[in-house]
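What follows is a short report on a single structure.
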Amino acid sequence: MSVVIARILNENHTPKHLEVLRAFTGTLRHPDYRDAVAEEVFSSLLTLLTRLYEELLAPCRDDEDLQPFILQLQLSAECFRAQRNCAQSRRNQNLLRELGFIDVSLKLLRCLQATNFGSTDAVLQPLRCGIQFLGNVAVDNQLCKDDIWRLTFPDLLLKFLSIEDEKAVNYTSMVIYTCLDEAKLQDLCEPQNIQLAMRVMELCRTQPDLDWTVLIATQHFLQSSALVESMYPAMSNSERVTLLELLFAQLKEEGSEEGGIPPSVARFLASSFQKGCGAVLSLATGSASSDEVLQEALTVISLLDILCEMTSDHKEFMFLQDHPDLIVTTVELLEQVHAIGKASKNIFSPAQNFPSFSGDGDSSSLSPVINFKAHLIRLIGNLCHSNAANQNKVRELEGIPLILDNCSIDSNNPFISQWAIFAIRNLLEHNTENQNVVASLECCGTADFSALRDLGFMVEERDGNLLLKPERKDS
């Protein structure tokens with residue numbers, strides 16, 4: 001085969017040369033053949049690739065006769081296909097690296113990416129195949145990964161991710177995913193490199209069907225607190241929502257404990273919620289029509305959803321119960337939201353619009369704060385579970401009557417009564433002072449004590465006061 005490729009090198013390019021290369025590429029699909037390819041064959045292929053690179057560097061071309069240029073592109077694509085197929089074995093990966101294929105391939109790819117014909121299929125084919133070669137040669141080969149990263153990071157990778165071709169972008173994402181490790185994540189955290197990470201997150205938002213970018217985000221980015229903390233301030237609110245949605249999905253995945261979101265990321269998110277939670281209050285003024293205000297509020301809502309999930313079924317995040325003033329922030333925000341909703345008719349006021357939840361309803365008509373109050377109460381309940389300090393703090397903030405005042409039916413907060421029952425149960429458990437608070441509440445009209453009965457308590461009225469007693473088992 002090296003003789004055949006040498007003949008191509010000694011002649012002007014013809015369509016027959018392309019046929020010969022395609023036949024060679026076809027044979028490389030068979031493992032037995034590609035594992036036995038001699039080094040001189042690879043050397044001849046590298047010489048051809050180098051010649052094609054030098055030809056494509058020619059400054060001017062006659063637009064009226066593009067056929068030689070098109071043939072050069074086709075030959076380049078076929079060289080990359082041959083390399084891509086060869087790179088599926090460790091022996092060939094090492095041989096290709098040692099001969100210099102990675103360096104020459106990247107020079108050619110850089111040239112193709114910069115060409116004026118970048119959006120044409122003739123140029124996209126070699127770009128796609130060349131980037132695929134990089135992905136294949138890097139698989140399970142640390143030396144190749146390091147070489148590719150050194151030669152492409154960050155500028156060339158960023159340019160590849162900006163190609164107006166979904167396949168090329170997806171293949172580039174595959175290369176990034178394959179190369180990433182802890183040290184390379186640290187590279188991304190540097191201010192001069194953060195734009196590459198931001199571009200990956202932008203693609204997660206604008207092209208969610210690109211699997212590799214989602215994998216990069218969930219299996220690498222979200223596991224680096226340094227990178228999350230570097231990206232988050234630089235993100236728009238819509239980009240933050242995308243990041244938080246991916247993080248929430250990762251939390252919900254079965255077995256996510258092993259993959260893990262580090263505790264430092266959880267602490268950062270809790271602090272971000274505390275710092276920005278007041279933004280959601282602006283929705284009460286009708287600002288939901290402003291996209292910027294809405295996205296900022298949705299960021300807060302997404303942070304709340306994540307904190308609820310982290311403190312529900314994930315023991316590794318229960319240290320959030322002791323996160324400074326998180327319980328205080330949550331109770332005070334619930335108090336503000338509740339007061340605003342009662343003061344006038346607004347987005348936080350209880351609603352009875354249950355038909356909007358039917359299968360035929362228009363989801364676009366739903367309130368952006370669906371379940372927000374309910375989830376504030378849920379978080380309070382989670383933070384108070386078997387935690388006397390938080391139980392006492394809620395009592396000191398007069399949070400117990402506040403929660404009990406949120407047991408009415410509200411279509412904007414389905415199951416808010418159930419979350420209130422859950423929170424009260426956690427607040428009363430092994431806490432006599434909190435139980436006394438409930439017992440001392442004045443009777444203000446007819447009340448339904450079924451929620452307290454569900455918790456194992458009964459209420460008796462005596463001399464105008466309400467007494468809270470454990471329910472008799474035989475009652």
Side-chain angles (χ1 to χ4, degrees), residues 1-28 37 39-87 92 95-137 147-148 151-152 155-157 159-160 162-165 167-168 171-172 175:
M1 192 66 211
S2 59
V3 175
V4 175
I5 297 177
R7 191 179 304 131
I8 297 175
L9 289 168
N10 294 325
E11 300 173 359
N12 292 327
H13 299 313
T14 68
K16 186 175 181 180
H17 295 159
L18 183 59
E19 293 176 14
V20 171
L21 273 180
R22 283 173 175 166
F24 176 51
T25 302
T27 61
L28 294 172
V37 175
E39 182 174 340
E40 55 264 31
V41 174
F42 285 130
S43 296
S44 298
L45 187 63
L46 179 61
T47 303
L48 175 58
L49 190 72
T50 304
R51 175 182 164 183
L52 289 166
Y53 163 64
E54 292 169 350
E55 291 172 347
L56 288 167
L57 280 178
C60 297
R61 298 183 183 90
D62 185 355
D63 290 345
E64 295 180 0
D65 184 14
L66 290 176
Q67 194 54 44
F69 175 55
I70 298 298
L71 185 57
Q72 290 166 355
L73 294 174
Q74 291 172 326
L75 289 167
S76 299
E78 211 55 46
C79 284
F80 282 141
R81 288 191 183 98
Q83 296 168 213
R84 179 191 66 190
N85 291 354
C86 284
N92 289 347
L95 196 51
L96 290 165
R97 174 183 172 272
E98 291 164 6
L99 289 171
F101 271 90
I102 294 175
D103 183 47
V104 175
S105 296
L106 284 169
K107 286 179 179 177
L108 179 50
L109 287 171
R110 191 184 293 272
C111 175
L112 292 170
Q113 184 273 328
T115 182
N116 294 331
F117 302 90
S119 61
T120 64
D121 191 62
V123 173
L124 290 176
Q125 284 298 329
L127 269 172
R128 293 168 185 166
C129 295
I131 296 170
Q132 280 183 305
F133 159 67
L134 296 176
N136 284 6
V137 81
D147 280 358
I148 292 168
L151 294 168
T152 62
D155 295 340
L156 191 55
L157 289 173
K159 288 177 180 178
F160 287 169
S162 301
I163 296 171
E164 294 183 5
D165 178 67
K167 289 182 179 179
Y171 299 152
T172 303
V175 173

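As a basis for the values below, the full set of heavy atoms in this structure was taken, side chains included, without hydrogen atoms, waters or symmetry mates.
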Spacing of E39 atom CD and S44 atom OG [to the nearest 0.5 Å]:
10.5 Å
Can you measure from OG1 (T152) to CG (L157) and round to the nearest 0.5 angstrom?
3.5 Å
Heavy-atom nearest pair, T115 first then L112, reads CG2-O, 2.8 Å
Within a strict 4.5 Å, meaning less than it, do heavy atoms of the F80 and L49 side chains meet?
yes
Under the salt bridge (Lys or Arg N to Asp or Glu O under 4.0 Å) test, residues paired with R84 that sit two or more places apart:
none
Pairwise side-chain contact, L48 with L21, heavy-atom cut-off 4.5 Å (strictly under):
yes
Test: salt bridge (charged side-chain N to carboxylate O under 4.0 Å, His left out). Region: residues 99-114. Which pairs qualify, not counting sequence neighbours?
D103-K107
Main-chain N/O of S43 paired with T47 side-chain donor or acceptor, under 3.5 Å
yes
Only counting residues at least two apart or in another chain, list the ones meeting side chain to side chain donor-acceptor pair (under 3.5 Å) with R128.
D165
Taking only residues two or more places apart in sequence or in another chain, which ones pass side chain to side chain contact (heavy atoms under 4.5 Å, CB included) with D147?
R97, I102, R150
Excluding sequence neighbours, so at least two apart, what forms salt bridge (Lys or Arg N to Asp or Glu O under 4.0 Å) with D155?
none
Using modelled atom types and a 3.5 Å cut-off, is there a donor and acceptor pairing between side-chain atoms of N92 and backbone atoms of C86?
yes
Q125: what forms a side chain to side chain donor-acceptor pair (under 3.5 Å) with it, not counting sequence neighbours?
R81
Interatomic distance, CG@N85 vs CD@Q132, rounded to 0.5 Å, equals 9.5 Å
Find out whether F101 and L95 are in side-chain contact, i.e. whether some heavy atom of one side chain is under 4.5 Å from a heavy atom of the other.
no
Test side chain to side chain contact (heavy atoms under 4.5 Å, CB included) applied to S162 - qualifying residues, sequence neighbours left out:
R199
Taking side chain as C-beta onward, heavy atoms only, is I5 less than 4.5 Å from V20?
no
Within a strict 4.5 Å, meaning less than it, do heavy atoms of the Y171 and C129 side chains meet?
no
Can you sort out the partners of E19 under side chain to side chain contact (heavy atoms under 4.5 Å, CB included), two or more places apart, ordered by chain and number?
none
H17-E11 side chain donor-acceptor pair, cut-off 3.5 Å:
yes
With R51, which residues qualify under side chain to side chain donor-acceptor pair (under 3.5 Å), at least two apart?
E55
Does S105 have any side chain to side chain donor-acceptor pair (under 3.5 Å) partners at least two apart in sequence or in another chain, and if so, which?
Q83
Got a sec, which residues hit side chain to side chain contact (heavy atoms under 4.5 Å, CB included) with T27, two or more places apart in sequence or on another chain?
F24, Y33
Taking it one step at a time, do I163 and L124 satisfy side-chain contact (heavy atoms from CB on, under 4.5 Å)?
CA-CA 9 Å; I163 296 171; L124 290 176; 4.1 Å; yes
